[in-house]
Amino acid sequence: MENNFEELQDDLKNLELIALNEKAENAVAVAVAATAATGAIPIPFADAPMMIAEQVALMATICGIYGIDVGKDGLKMLATTAIGAGGATIVGKTIATNLFKLIPGVGTVAGGAISAGTAGIVTLAMGKAFIKVCQMVKLGKLSEAEITSSKGAAVMKTEFKKQIQKKKD
């Protein structure tokens with residue numbers, strides 16, 4: 001009888017996690033659209049601060065969905081850690097597309113399109129990586145306090161790299 005109760009608890013926990021994951025995936029989809037629109041702004045280098053703010057807001061939303069309290073500074077740290085994990089590729093694309101935007105007409109359109117795509121991919125990878133971090137907290141594999149520690153940052157960086165690699169393949 002006790003074994004059945006434990007199985008029922010596990011099943012309920014899994015169903016709760018599935019529901020939370022769906023809500024978080026929806027939040028990521030909305031944020032991807034928003035950051036892609038921001039990336040399309042034709043003004044060179046004007047989009048980066050707004051995109052980072054949108055990505056931190058996405059992570060705050062995901063925290064709210066999973067019932068986790070990390071704090072604004074912790075989220076900023078995780079966002080910059082993830083972007084740093086993307087390294088030279090992301091920074092290089094960002095600079096190149098913003099330089100395109102300096103060319104009136106065709107350059108502005110092309111730069112905006114490339115920037116929108118890059119922003120969407122980075123936000124998607126960041127959102128999915130942070131969902132993995134929050135899942136680990138819900139499953140007891142990572143504590144809430146560890147999210148902003150070197151352990152949490154390492155998990156975020158690893159998951160972000162995996163997500164970026166998926167987009168390249």
Side-chain angles (χ1 to χ4, degrees), residues 13 16-41 43-98 101 112 114-168:
K13 193 171 191 172
E16 177 193 21
L17 195 57
I18 289 168
L20 294 174
N21 293 344
E22 285 178 10
K23 287 180 183 177
E25 291 284 344
N26 288 337
V28 170
V30 170
V32 166
T35 55
T38 300
I41 292 172
I43 303 166
F45 301 100
D47 53 2
M50 291 189 312
M51 284 189 293
I52 291 170
E54 289 170 337
Q55 291 162 343
V56 170
L58 167 62
M59 293 168 66
T61 300
I62 294 170
C63 280
I65 290 168
Y66 286 93
I68 297 169
D69 183 19
V70 175
K72 188 177 173 183
D73 290 338
L75 294 175
K76 283 182 188 175
M77 181 273 296
L78 287 170
T80 55
T81 297
I83 291 169
T89 304
I90 293 170
V91 172
K93 281 185 182 179
T94 302
I95 291 170
T97 55
N98 279 290
K101 289 179 183 181
I114 296 167
S115 183
T118 302
I121 289 169
V122 169
T123 303
L124 180 65
M126 186 178 295
K128 288 187 172 283
F130 195 60
I131 287 172
K132 292 281 188 194
V133 170
C134 292
Q135 287 172 346
M136 290 178 70
V137 172
K138 278 294 186 191
L139 295 171
K141 296 178 181 178
L142 189 69
S143 75
E144 231 177 270
E146 289 176 315
I147 291 176
T148 55
S149 72
S150 58
K151 182 178 180 181
V155 171
M156 182 72 180
K157 188 184 265 189
T158 300
E159 290 299 328
F160 182 79
K161 284 181 180 178
K162 284 181 189 176
Q163 293 299 323
I164 289 291
Q165 191 58 45
K166 282 182 184 180
K167 302 304 161 219
K168 288 180 182 177

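Please read all numbers here as calculations on a predicted model, not as lab measurements.
- Listed for the Glu144 side chain is a donor-acceptor partner under 3.5 Å among the backbone atoms of Asp69.
- Side chain of Lys138 to backbone of Tyr66: a donor-acceptor contact under 3.5 angstrom is found.
- Checked against side-chain contact (heavy atoms from CB on, under 4.5 Å), Val70 has the following partners two or more places apart in sequence or in another chain: Cys63, Ile68, Leu75, Ile147, Thr148.
- Scanning both residues, Gly127 and Leu58, for their nearest heavy atoms gives CA-CD2, 3.8 Å.
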Next item on the list: Check step by step if side chain to side chain contact (heavy atoms under 4.5 Å, CB included) holds for Lys161 and Met156.
Entry: CA-CA 9 Å; Lys161 284 181 180 178; Met156 182 72 180; over 6 Å; no
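- Between the SG atom in Cys134 and the CG atom in Asn21 there is a gap of 9.5 Å [rounded to 0.5 Å].
- One N or O on the side chain of Glu146 and one on the backbone of Ser143 form a donor-acceptor pair closer than 3.5 Å.
- Between Lys13 and Glu16 there is no salt bridge, since none of the side-chain N atoms of the basic residue sits less than 4.0 Å from a carboxylate O of the acidic one.
- Proximity of Asp73 to Met77: side-chain heavy atoms (C-beta onward) are nowhere separated by under 4.5 Å.
- Looking only at atom types and distance, the side chain of Thr35 has no donor-acceptor partner in the side chain of Glu54 under 3.5 Å away.
- The heavy-atom pair separating Ala129 from Gln163 by the smallest distance is N-CG, 4.1 Å.
- Interatomic distance, Leu124 CG to Gln55 CD, rounded to the nearest 0.5 Å: 11.0 Å.
- Atom CE in Met59 sits 11.0 Å away from atom OG1 in Thr61 (nearest 0.5 Å).
- Take Glu25 and apply the salt bridge (Lys or Arg N to Asp or Glu O under 4.0 Å) test, not counting sequence neighbours, and it matches Lys128.
- Taking CD1 of Ile131 as the start and CE of Met136 as the end, the distance is 14.5 Å to the nearest 0.5 Å.
- For the atom pair CD (Glu22) and CD1 (Ile65), the distance works out to 11.5 Å, reported to the nearest 0.5 Å.
- Between Lys151 and Lys141 the shortest heavy-atom distance is NZ-O, 4.0 Å.
- Residues Ala125 and Ile164 share a closest heavy-atom pair of CB-CD1, 3.7 Å.
- Here the side chains of Thr123 and Val28 are not in contact, with every heavy-atom distance at 4.5 Å or above.
- With values rounded to the nearest 0.5 angstrom, Phe160 atom CZ is found 15.5 Å from Lys132 atom NZ.
- Side-chain contact between Leu139 and Leu17 is present, with heavy atoms from C-beta onward closer than 4.5 Å.
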